[in-house]
Amino acid sequence: MLELIKSTVKPLSLDYTVLEAAYALYLEAPQAVSPVISLKALSKKTGKSMLHCRNTIVEANAMGRFPDCSLQSGSLQSGSR
């Protein structure tokens, strides 16, 4: 019974503001095997810390509520290969 309650309450603790902004960045990223989301850009968009943004995405992904992606702590630089 406790597991049922945990599974019901846990999704409610996700920060949907962060997830919505993260998904927008996900859609803007080049669609490679693992699109890259900049935690710095996400933090700037949402006003939340990079750690909070990272933890929200990782938790949502583990629950099957966010697609697989790579997270980058610095800003993305285009054409830097």
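- Across every non-hydrogen atom of V36 and A29, the tightest pair is O-CB, 3.5 Å.
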Problem - Steps toward side chain to side chain contact (heavy atoms under 4.5 Å, CB included) verdict (E59, L14) - result: CA-CA 8 Å; E59 185 177 348; L14 292 175; 3.7 Å; yes
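- Looking only at side-chain heavy atoms (C-beta outward), I57 and Y26 stay at 4.5 Å or farther from each other.
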Practice task
Would you sort out whether E20 and T46 count as a side chain to side chain contact (heavy atoms under 4.5 Å, CB included), showing the intermediate values?
Solution key: CA-CA 10 Å; E20 286 178 17; T46 62; over 6 Å; no
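- No side-chain heavy atom of K40 sits less than 4.5 Å from a side-chain heavy atom of S73.
- Clustering ILVMFWY residues whenever any of their side-chain heavy atoms sit less than 4.5 angstrom apart, transitively, puts V18 in the very cluster that holds Y16.
- Considering every non-hydrogen atom in both A22 and L42, the closest pair reads N-CD1, 3.4 Å.
- Note that the CE atom of M50 and the OG atom of S38 stand 8.0 Å from one another [nearest 0.5 Å].
- With a 4.5 Å cut-off on side-chain heavy atoms, L71 and V58 count as touching.
- Between N61 and F66, the closest heavy-atom pair is ND2-O, 2.9 Å.
- You'll find the side chain of T17 stays beyond 4.5 Å of the side chain of K48, heavy atoms only.
- Listed here is the closest heavy atom pair of C69 and I37: SG-CD1, 3.8 Å.
- Side-chain atoms of T56 do not come within 3.5 Å of backbone N or O of D15 as any donor-acceptor pair.
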